[in-house]
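Everything on this sheet refers to the single structure shown next.
Below, chain A is the first sequence line, B the second, and so on; all start at residue 1.
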There are 2 protein chains.
Amino acid sequence: MKNRLRELREEKGLTQEELAKALGVTRQTIIAIEKGRYNPSLQLAFRMARFFNVRIEDIFIYEGENGEGR
Amino acid sequence: MKNRLRELREEKGLTQEELAKALGVTRQTIIAIEKGRYNPSLQLAFRMARFFNVRIEDIFIYEGENGEGR
DNA sequence: TAAGCATGTAAAGGAAGCTTTACGTAAAGG
DNA sequence: CCTTTACGTAAAGCTTCCTTTACATGCTTA
């Protein structure tokens, strides 16, 4: 699953730390998700969507089971 | 976080087992989520949304941090 | 009664998400 | 040079998600 977290964050001119604080998580969590190391919980995805004022589907791009859209 | 999984499943006339199979999880997972014991991963939420042809936000109702909209 | 089906509970174990702490690197400014 | 700021890695530990196995309950139907 891909995501546009970094993109959205930078559009708002926020640092990872500021975003982390706004979402109630640590900076490590933001880094891991931006880097695609893992996906957020559904809860956190909702908080992100609400924060950026978009739909979950606008942040996270689910490509189907095979993982890839190459 | 509340969800309308059971409602959507029954609209389709599916058993928990059939839905589980369609989503690639076990029946226990369906039960746990329908009963609100835990939330699905973002991945699974996407598969559900795709399966029922709705948005994630139409299945899962996020009430904010405080858990409640009382 | 018995058998089958759908739903439920419980518990143990593994995988994924998140935190905490610590350290590394690069750029910008004094 | 030194300090600060932002980004990054790594590892240990806890919590949440999910699986596997087993058993229980209620309903239907033979």
Side-chain angles (χ1 to χ4, degrees):
Chain A
M1 181 144 44
K2 293 178 182 173
N3 74 74
R4 305 204 308 122
L5 187 56
R6 179 156 215 158
E7 196 177 334
L8 289 163
R9 176 175 63 81
E10 291 180 340
E11 274 176 16
K12 287 229 176 194
L14 297 172
T15 65
Q16 292 174 334
E17 185 143 28
E18 288 167 337
L19 178 59
K21 202 163 206 168
L23 294 174
V25 295
T26 63
R27 189 169 63 93
Q28 299 315 310
T29 299
I30 301 299
I31 291 174
I33 295 170
E34 283 192 356
K35 290 263 143 187
R37 280 203 255 283
Y38 53 71
N39 302 121
S41 63
L42 185 54
Q43 270 244 345
L44 181 49
F46 264 106
R47 275 183 271 163
M48 288 173 171
R50 183 164 293 188
F51 179 78
F52 288 114
N53 207 34
V54 298
R55 288 175 298 134
I56 288 177
E57 289 88 344
D58 294 327
I59 308 180
F60 298 93
I61 316 301
Y62 180 65
E63 321 254 19
E65 277 330 275
N66 316 331
E68 212 81 3
R70 195 170 321 156
Chain B
M1 182 145 44
K2 294 177 181 172
N3 74 74
R4 307 203 308 121
L5 188 56
R6 179 157 213 157
E7 196 177 332
L8 289 164
R9 176 175 64 80
E10 290 179 341
E11 274 176 17
K12 288 226 175 195
L14 296 173
T15 65
Q16 292 174 334
E17 185 142 29
E18 288 166 335
L19 177 59
K21 202 162 207 170
L23 294 173
V25 294
T26 64
R27 190 169 64 92
Q28 298 316 310
T29 298
I30 301 299
I31 290 175
I33 294 171
E34 283 191 355
K35 290 263 143 188
R37 280 203 256 282
Y38 52 72
N39 302 122
S41 63
L42 185 55
Q43 270 244 344
L44 182 49
F46 264 105
R47 275 183 270 164
M48 289 173 170
R50 183 165 292 188
F51 180 77
F52 288 114
N53 207 35
V54 297
R55 287 175 299 134
I56 288 177
E57 290 89 344
D58 295 326
I59 308 180
F60 298 93
I61 317 301
Y62 179 65
E63 321 254 18
E65 277 330 276
N66 317 330
E68 211 82 2
R70 194 168 322 155

In whole angstrom, what separates [X]'s [atom1] from [N]'s [atom2]?
X	N	atom1	atom2	value
R6(A)	dC7(D)	CZ	C1'	7 Å
I31(B)	dA24(D)	CD1	C1'	12 Å
Q43(B)	dC18(D)	CD	P	9 Å
N39(A)	dC18(C)	CG	P	9 Å
E17(A)	dG8(D)	CD	P	13 Å
I30(B)	dA6(C)	CD1	P	15 Å
R37(B)	dT7(C)	CZ	C1'	11 Å
L44(B)	dG17(C)	CG	C1'	15 Å

Practice problem: Select from L42(B) and R27(B) the residue whose nearest nucleotide in DNA chain D is closer to the 5' end of that strand. | Solution: L42(B)

Practice problem: Kindly compute the distance separating CD1 (I59(A)) from CZ (F46(A)), expressed to the nearest 0.5 Å. | Solution: 10.5 Å

Exercise. Would you check if the side chain of R27(A) reaches a backbone N or O of A20(A) as a donor-acceptor pair within less than 3.5 Å?
Key: no

Measure from the side-chain heavy atoms of [X] and tell me the nearest of [options].
X	options	result
V25(A)	dC18(D), dG8(C), dC18(C)	dC18(C)
K35(B)	dC18(C), dT20(C), dT9(C)	dT9(C)
S41(A)	dG17(C), dC17(D), dT9(C)	dG17(C)
Q16(A)	dC7(D), dT19(D), dG8(C)	dC7(D)
P40(B)	dT19(C), dG8(C), dC18(D)	dC18(D)

Quiz item: Just checking T15(B): base, sugar-phosphate only, or nothing, at a heavy-atom cut-off of under 4.0 Å?
Solution: sugar-phosphate

Quiz item: Whom does dG30(C) pair with, Watson-Crick or G-U wobble, provided both distances fall under 3.5 Å?
Solution: dC1(D)

Quiz item: For E17(A), does the CD atom sit with more than 12 other heavy atoms under 6.0 Å from it, leaving out its own atoms?
Solution: no

Exercise. Mark yes when over 12 heavy atoms from residues, nucleotides or ligands other than K12(A) sit less than 6.0 Å from its NZ; otherwise mark no.
Key: yes

Quiz item: Can you check whether R9(B) has a side-chain N or O nearer than 4.0 Å to OP1 or OP2 of dA6(C)?
Solution: no

Exercise. Look at the side-chain N and O atoms of T29(B) and state whether any lies under 4.0 Å from the OP1 or OP2 oxygen of dC18(D).
Key: no

Quiz item: Does a salt bridge link E57(B) with R55(A), judged by any charged N lying under 4.0 Å from a carboxylate O?
Solution: no

